[in-house]
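Each remark here refers to the structure printed beneath this line.
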Amino acid sequence: MNIIVCAKQVVDVSEIKVDPNTNKPILAGVPQKISDIDKNAMEEAIKIKEKHSGKITALTVGPADAKERIKELLAMGADEGILIAQPEKLDYYVLSNILAAAIKKIGEYDIILCGEASIDLFSGQIGPRIAGLLNIPQITYAQDITAEKEKVVSERNLGDKAVTIESSFPVMITVTKEINEPRLPSLMQILAAANKPIHDWSAEDVASEKLEPKITTVDIKGVPMERKNVIYQNDIDESVGKLVDSLIKEGVLR
Amino acid sequence: MVLVYSDDHKLTLELLNKGSELARELNKSLTAVIIGKDEFSKDYIAHGADKVVIAETELNQFKAEEYTDILEGVIKETGSETILISSNKNGKELASRLAAKFKAGCITDCTNVYLKDKKLTAERIVYSGNAVAVEQFNTIPQIVTIPSKVFDPLPKDEKHKGEVIKKKIDVQKSSSKILKVQEMKTEGVNVEDAEIIVSCGRGFKNKEDIKLVSELADVLKGRTVGCSRPIAADLKWLSEDHWIGLSGHKVKPKLYIAAGISGQIQHIAGMRDSGVIVAINKDPEALIFKSADYGIVGDLYEVLPKLTDAIKTKMG
Ligand SMILES: Cc1cc2nc3c(=O)[nH]c(=O)nc-3n(C[C@H](O)[C@H](O)[C@H](O)COP(=O)(O)OP(=O)(O)OC[C@H]3O[C@@H](n4cnc5c(N)ncnc54)[C@H](O)[C@@H]3O)c2cc1C
Ligand SMILES: Cc1cc2nc3c(=O)[nH]c(=O)nc-3n(C[C@H](O)[C@H](O)[C@H](O)COP(=O)(O)OP(=O)(O)OC[C@H]3O[C@@H](n4cnc5c(N)ncnc54)[C@H](O)[C@@H]3O)c2cc1C
């Protein structure tokens, strides 16, 4: 079984601060990590490989330091990594076309796994776009995957419904955060990962046409959160009394 | 041509509102698409559609591959350039796949859509709620998805005229097969419209304990219970309609009380526009206190019953 896991390096959103003067998010210096749900995708790939053997390729479009993130995926259990240097101009269209072209170049694949959405931009477009470009079936928001030899059965979580769907290979599946608990690699695995290959590709290596973004980001506005932060922390009865008085003053009790 | 589609009747009505406005400004007409049986064409026309295209098909279940084919056909046939799709899960995967087919730009989860310098422009929340990105299309077709409740349906205008067109569109059958559809039980709560919400998180030890939240909600006459993602998605103690946050429902009640919720950015993304925010958490360092107007550091099992009693006494 050949499995491709698409994984994105993102800024750790919990570390972002908003600049009080410009009212814009400060992104410089924010630590980078693998988008949370992509680790769930990786974990799912490992489980499938444990059952059917095969090969897992971790695929990332990103800056040079994303190599460190790929190493984490190799330590978890990917067999090899591919880092495609991020072109200067990027949007959902460009990115998905690069990924789809890279997947075509990899050539042999049964299952492509993505996260339901990245934790920084959260568009949820990339998985379904890849499936559309490759003209293969897509299963999104998977909360359960059972891979068999010739097919996969997966349960989609649509909130108000759960839909169980079966597909032959190749198939693109996006997973939810709830599908599994990603493993933490052991020190041995981290060391062993140093010997696994990471290939450097460029967008030109894979895509036949020059890709121009369809969308421009014209502004990014911060949304500062200003709250009173009145915290009561002594005697519970007293705290409760004070809180109720405050809420009455605020006029929110009726 | 402006075109709207959702597999949900109510969401289609909401899209028709924005669709009519854009159609007017662009000087184009507005088409609504129904895939399958015509149940609502009159309603859609009364809500602003100039044309309703009914794509007749024997397909009776949603599969993104097949629905993409159908919409692709309708869009080509009607020459539509601006496409509005609902941001429910089916809508998003459909819009994205459709965008791939058309080599088009797509912006998902738009909290605002307008024309600026004659270009379609949309705002969406990014960085898990830390910022709003303003994105603009350079090319057509252009596809946006809009979450529920961003726009209200227009009032019904029975005098508005429109035509109904039936179309049969060839579909490449998907090789996937739907084996089972299981309706999840929902309690039909409507957190978006609630004035007071009391929410619970993983600080609750058992499903039964959620009654502490509903009792408080009851005395507050808010009666609306919300929750963090793990309570709905992992533990499934409450149905999805209670789930608040980035990937759940976005709410703005006058009063939001979060009990046993740590206050991760993804939860805050769903409730940051609330009037007054109250946090109850036993950990004084919990992030939720940074996003709260008032907080009590303490065990929710002690605080909640006392708070319920105190409000009962004060408010009679
Ligand atoms: C005008 C514009 C400029 C932009 N400039 C930049 C920029 O300079 N740098 C930048 O990082 N982003 C930039 N972006 C965003 C970039 O287009 C998105 O990162 C990309 O399209 C993915 O979108 P998303 O994060 O919403 O992915 P989603 O669709 O939410 O991600 C879903 C899944 O797709 C896969 N995936 C997503 N991205 C990648 C990736 N890069 N590699 C491998 N797998 C992936 C993962 O499995 C992920 O879980 C820009 C966007 C716009 C509109
Ligand atoms: C892409 C993505 C999307 C997400 N979308 C959402 C979303 O839409 N909504 C959402 O909520 N989350 C979302 N999350 C998850 C989010 O990051 C957090 O994991 C989640 O909100 C945590 O839920 P919690 O606060 O209930 O649990 P925890 O983080 O486990 O917090 C429990 C809290 O309860 C407190 N506590 C424990 N016992 C007691 C007690 N006896 N009395 C008082 N306090 C107590 C603890 O101190 C702790 O602060 C998303 C995550 C990702 C990666």
Side-chain angles (χ1 to χ4, degrees), chain A residues 13-14 16 18 25 91-93 96 119-125 128-129 131-133 137-138 140-141 153 158-168 178 213-223 225 227-233 236-237 239-241 243-244 246 248 250 252-254, chain B residues 64-65 68 89 92-93 96-97 99-101 104-108 126-128 130-139 174-184 186 221 233-234 240 254-255 265 272 275-277 284 289 291-298 302-303 306-307 310-311 314-315:
Chain A
V13 287
S14 58
I16 296 177
V18 172
D91 73 347
Y92 316 103
Y93 161 80
S96 54
I119 70 151
D120 57 350
L121 296 161
F122 208 70
S123 74
Q125 288 191 38
R129 273 189 183 259
L133 291 166
Q138 66 191 51
T140 55
Y141 304 99
V153 175
L158 297 185
D160 55 349
K161 306 197 252 295
V163 177
T164 310
I165 192 160
E166 178 189 290
S167 174
S168 54
E178 286 73 29
K214 307 286 178 185
I215 284 169
T216 313
T217 302
V218 287
D219 195 11
I220 299 213
K221 303 186 277 197
V223 266
M225 181 80 156
R227 292 286 168 181
K228 294 199 180 79
N229 304 127
V230 179
I231 310 299
Y232 307 112
Q233 46 180 332
I236 297 283
D237 291 293
S239 300
V240 166
L243 174 63
V244 174
S246 304
I248 290 172
E250 292 273 3
V252 290
L253 294 189
R254 26 172 203 170
Chain B
E65 300 86 278
T68 299
K89 287 179 174 169
K92 276 202 271 189
E93 65 158 341
S96 308
R97 190 173 175 109
K101 295 282 174 190
C106 175
I107 304 177
T108 49
V126 292
Y127 302 120
S128 294
N130 277 304
V132 171
V134 184
E135 299 181 4
Q136 201 164 53
F137 288 92
N138 305 324
T139 57
S174 167
S175 59
S176 73
K177 217 165 49 204
I178 292 176
L179 303 180
K180 194 167 84 184
V181 177
Q182 196 187 340
E183 298 289 333
M184 313 269 254
T186 66
K221 305 188 180 65
D234 291 281
E240 168 279 337
K254 288 195 184 118
L255 173 62
I265 179 92
R272 61 184 312 141
V276 173
I277 297 176
F289 289 122
S291 306
D293 294 295
Y294 302 98
I296 295 184
V297 179
E302 191 186 347
V303 177
K306 287 188 169 163
L307 183 58
I311 291 173
K314 282 262 179 183
M315 308 305 288

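Protein chains get the first letters and strands the later ones, always in sequence-line order, with residue 1 at the start of each.
Using a 4.5 Å cut-off between heavy atoms, B:Thr68 makes no contact with chain A at all. The contact between B:Glu65 and chain A is made entirely by side chain atoms (from C-beta outward), counting heavy-atom distances below 4.5 Å. Using a 4.5 Å cut-off between heavy atoms, A:Ser123 contacts chain B through both its backbone and its side chain. Using a 4.5 Å cut-off between heavy atoms, A:Val218 touches chain B through backbone and side chain atoms alike. Interface remark: A:Phe122 contributes backbone and side-chain atoms alike to the contact with chain B (heavy atom separation under 4.5 Å). Both the backbone and the side chain of A:Pro137 have a heavy atom closer than 4.5 Å to some heavy atom of chain B. For a residue to count as touching a neighbouring chain, one of its non-hydrogen atoms must lie under 4.5 Å from one of that chain's; by this rule B:Lys221 touches chain A with backbone and side chain alike. Looking at A:Leu243, only its side chain comes within 4.5 Å of chain B, counting heavy atoms on both sides. Looking at B:Lys177, the atoms closer than 4.5 Å to chain A (heavy atoms on both sides) sit in the backbone and in the side chain alike. For B:Ala133, the parts lying near chain A are the backbone and the side chain together; criterion is any non-hydrogen pair under 4.5 Å.
Rounding to the nearest 0.5 angstrom, the gap separating the CD atom in A:Gln138 from the OG atom in B:Ser176 is 9.0 Å. Once rounded to the nearest 0.5 Å, the distance linking CG of A:Leu158 with CD of B:Gln182 reads 11.5 Å. For the atom pair A:Tyr93 OH and B:Thr139 OG1, the distance stands at 8.5 Å (nearest 0.5 Å). Rounding to the nearest 0.5 Å places CD of B:Glu240 at 6.0 Å from CG of A:Asp160. We find the NZ-CE distance between A:Lys161 and B:Met184 to be 11.0 Å, quoted to the nearest 0.5 Å. The CG atom of B:Asn138 lies 8.0 Å from the CD1 atom of A:Ile215; values are rounded to the nearest 0.5 Å.
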For A:Val13 and B:Val126, what are the C-alpha separation, side-chain angles and deciding distance, and is it a side-chain contact (heavy atoms from CB on, under 4.5 Å)? CA-CA 9 Å; A:Val13 287; B:Val126 292; over 6 Å; no
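Heavy-atom pairs under 4.5 Å with chain B were tallied for A:Ser246, A:Ala131, A:Gly241, A:Gly132; the largest tally goes to A:Gly132. For the set A:Ser167, A:Ala162, A:Pro25, A:Ser96, the count of heavy-atom pairs under 4.5 angstrom toward chain B peaks at A:Ala162. Of the listed residues (A:Thr216, A:Val240, A:Ile16), the greatest number of heavy-atom pairs within a distance under 4.5 Å of chain B belongs to A:Thr216. Heavy-atom pairs under 4.5 Å with chain B peak, among A:Leu121, A:Ile248, A:Val18, at A:Leu121. Chain B forms more heavy-atom pairs under 4.5 Å with one residue of A:Ile119, A:Val244, A:Leu133, A:Ile236 than with any other, namely A:Ile236.
Two residues are said to be in side-chain contact when any heavy atoms from C-beta on lie closer than 4.5 Å; B:Lys89 and A:Thr140 fail this criterion.
The main-chain N or O of B:Phe289 is found under 3.5 Å from a side-chain atom of A:Asn229 such that the two form a donor-acceptor pair. Of the possible polar contacts, one joining the B:Asp293 side chain to the A:Lys228 backbone as a donor-acceptor pair under 3.5 Å is found. Judged purely by atom type and a 3.5 angstrom limit, A:Glu250 has no side-chain atom pairing as donor or acceptor with the backbone of B:Val276.
For B:Lys306, the NZ atom counts as densely surrounded, since its 6.0 Å shell holds more than 12 non-hydrogen atoms of other residues, nucleotides or ligands.
Residue B:Gly275 comes nearest to A:Arg227 through the heavy atom pair O-NH1, 2.7 Å, listed as atom of the first residue, atom of the second, then distance.
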